[in-house]
Amino acid sequence: MKRHSKNLVALLSLLLCAHVFAADKIKMEDQTQIPAAPNKLSGVKYFSPPEDADLQNNAFGDLVRKGEALFVNTKALAPLNVGNEMNCVNCHLDRGRKANSSPMWGAYPMYPAYRKKNNKVNTYAERLQGCFSFSMNGTPPPADGEIILALTAYSYWLSTGAPTAKALPGRGFDEPPPPKGGFDVARGKVVYEKQCVICHGENGEGKKVGVNYVFPPLWGKDSYNWGAGMHRINTAAGFIQHNMPLGRGETLSDIEAWDVAAYVNVHERPQDPRLVEGDIEKTRKRFHADDGVNLYGTTVNGVLIGQGIK
Amino acid sequence: MKKIGVTLLLAMWVLAPILGNAAEGESIMIHGGANPAAMPCISCHAADGKGMPSAGFPRLSGLPAPYIEKQLYDFRSGARGNAVMQPIAKALTDEEIKQVAAAYSNRPKVNVNHPNNTNPVLGSGAWIAQRGEWSKNIPECTLCHGPDGVGVGDAFPPLAGQSPMYLESQLNAWKEQKVASTPKSMSSSLPATRRNDPNHLMQHIAGSLTETQIKAVSEYFGSLGDSIEPFDESQHRLR
């Protein structure tokens, strides 16, 4: 009997290992967001992260600076982990400091967070790894490695003085309500050509200087994949309404933001790495049906969306 | 030998329209356009096309041809106001505009002496260039004009190595001009003299920057200098 239980333990631990290994590929399966930000009362200021000059010159300061460098030049400094041409700062403007551009001071204090959907507690490291799997279409760096450590230190420092476990105004992208008559991809194309082409290009390809991208690709093989939060039209609409065009945020109407977000997110991009048994419909049911507003696995103008791109 | 001659002839025939534009353009730089009112470019923009920084005449060497063409057409239409350039742009033919733009775009592109890897100090010109002032919706200049302000694509011209006096005058040209001591009944501002920024990307930025910031950021980009090394497209250019 004793021997038996020993074997059982061995078997169990083996199974457990296998499970850990499988989960290792994608650390955060579920990309839905934890509680959204409350509305900001007029006259109330957004949380303000510390200034550069406040950072100490010691080992901690060095790690924070390393995190900041990785945050702005992610592709160049972590080429093994970034599979496309995206950098953290592309979606988190002003080095992760800007309100309504999903600032790090809004994200870091919300973790660890239990989420019913995947029935587990997610750590901040896992959340960062999720970005590498989906938004960067890459391979997440190890949770205890220097990349995640540095990005965590940078986020922690930006959150200096922020309350923990309390959703702050300015957190996330503050999504505008969906248009009453629904969004329209064709109207979005008109907005895109007028407002976005100058930087992101006719085919969403972005623009580079030297080998590095200055304006990120919005679709195609070098952009975020079908599992990234930004593939949700509601999320992209929030980012766009508050932040685009650069320096002229909050000039597009809510409807324009939704329409152009739909136009961007109707285009093909790398496949969702969670693809279930190679089947788009199964993947849609499991991961996309309940994930905000998105076009994955649907048919638009007779074309199946979500086929992926290599 | 005959074969080489034929190949050469063929090559010239194929390349002529491209080289032709630039060669004609080189001649316009030195001698001006067919209309004498289209004065030689070199008298202000210098023989090497790098401008006369201390007099505020901008560098044109290495600027994208579509950018130069657009500016000349905007001088013509008045979307960009300038007492010197407007008559010249009107005197140049469409063909001459194409040629001179091609010629300048063939000249060396600015390359920054020492890429900037240090952390800027709050309130400095380098700070505006690399960090902006997002509380006033001013993005860092390098976000659109590229790392070290070397320019991006055809719409975002290089700022690095440009005349500080020129940069300052352009930032001011995008602002509405405040007129001092006007009677209350009259408008106290004149429209901006430069209104040709795509999607109005520059107007509000110029309007939101303070005088001190405009001076500092113009000095910063002017001070980045021009390396003797040619611009290398295969290099990493970090933010």
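In what follows, chains carry the letters A, B, and so on, assigned in the order in which the sequence lines appear, proteins first and then strands, with residues in each chain numbered from 1. The figures that follow rest on heavy atoms only: side chains count, while hydrogens, waters and symmetry mates do not. No experiment lies behind these values; they were computed from the predicted model shown.
When atom types are taken as modelled, the side chain of A:S223 and the backbone of A:P217 share a donor-acceptor pair closer than 3.5 angstrom.
Proximity to chain A (any heavy atom under 4.5 Å) is shown, for B:I138, by neither the backbone nor the side chain. The parts of B:L201 that come within reach of chain A are both its backbone and its side chain, each placing non-hydrogen atoms under 4.5 angstrom from that chain. For B:V150, the part sitting under 4.5 Å from any heavy atom of chain A is the side chain, from C-beta outward, and nothing else.
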Before you tell me yes or no, could you show the steps for A:F132 and A:V82 under side chain to side chain contact (heavy atoms under 4.5 Å, CB included), namely the whole-Å CA-CA distance, both residues' side-chain angles and the distance that decides it to 0.1 Å?
CA-CA 6 Å; A:F132 280 94; A:V82 179; 4.1 Å; yes
Working note: A:C196 + A:V260, criterion side chain to side chain contact (heavy atoms under 4.5 Å, CB included); need CA distance, chi angles, decisive distance, verdict.
CA-CA 9 Å; A:C196 319; A:V260 78; 4.0 Å; yes
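No other option in B:L143, B:I205, B:V121 has as many heavy-atom pairs under 4.5 Å with chain A as B:L143. Of the residues considered (B:G132, B:P139, B:P120), B:P139 shows the highest number of contacts with chain A, using heavy-atom pairs under 4.5 Å.
Of all heavy-atom pairs between A:D254 and A:P176, the closest is CG-CB, 3.4 Å.
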Show me, pair by pair, the donor and acceptor atoms from chain A and chain B that are under 3.5 Å apart.
{"unit_1": "A:D52", "atom_1": "OD2", "unit_2": "B:R131", "atom_2": "NH2", "d": "3.4"}
{"unit_1": "A:V72", "atom_1": "O", "unit_2": "B:R239", "atom_2": "NE", "d": "3.4"}
{"unit_1": "A:N73", "atom_1": "OD1", "unit_2": "B:R239", "atom_2": "N", "d": "2.9"}
{"unit_1": "A:K194", "atom_1": "O", "unit_2": "B:N199", "atom_2": "ND2", "d": "3.3"}
{"unit_1": "A:Q195", "atom_1": "O", "unit_2": "B:N199", "atom_2": "ND2", "d": "3.4"}
{"unit_1": "A:G210", "atom_1": "N", "unit_2": "B:E233", "atom_2": "OE1", "d": "3.3"}
{"unit_1": "A:V211", "atom_1": "N", "unit_2": "B:Q235", "atom_2": "O", "d": "3.0"}
{"unit_1": "A:N212", "atom_1": "OD1", "unit_2": "B:H236", "atom_2": "ND1", "d": "3.4"}
{"unit_1": "A:N212", "atom_1": "OD1", "unit_2": "B:R237", "atom_2": "N", "d": "2.5"}
{"unit_1": "A:N212", "atom_1": "ND2", "unit_2": "B:H236", "atom_2": "ND1", "d": "2.9"}
{"unit_1": "A:Y213", "atom_1": "O", "unit_2": "B:R239", "atom_2": "NH2", "d": "3.3"}
{"unit_1": "A:V214", "atom_1": "O", "unit_2": "B:R239", "atom_2": "NH2", "d": "3.3"}
{"unit_1": "A:G247", "atom_1": "O", "unit_2": "B:H204", "atom_2": "NE2", "d": "2.5"}
{"unit_1": "A:R248", "atom_1": "NH1", "unit_2": "B:N199", "atom_2": "O", "d": "3.0"}

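For A:P79, the side-chain contact (heavy atoms from CB on, under 4.5 Å) test picks out no residue, with sequence neighbours left out. Applying the ring pair (Phe, Tyr, Trp, His ring centres under 6.0 Å) criterion to A:F239, with sequence neighbours excluded, gives A:F173. Applying the ring pair (Phe, Tyr, Trp, His ring centres under 6.0 Å) rule to B:F221 yields no partners; only residues at least two apart in sequence or on another chain are considered.
The number of heavy atoms from other shown groups lying within 6.0 Å of OH (A:Y156) does not exceed 12.
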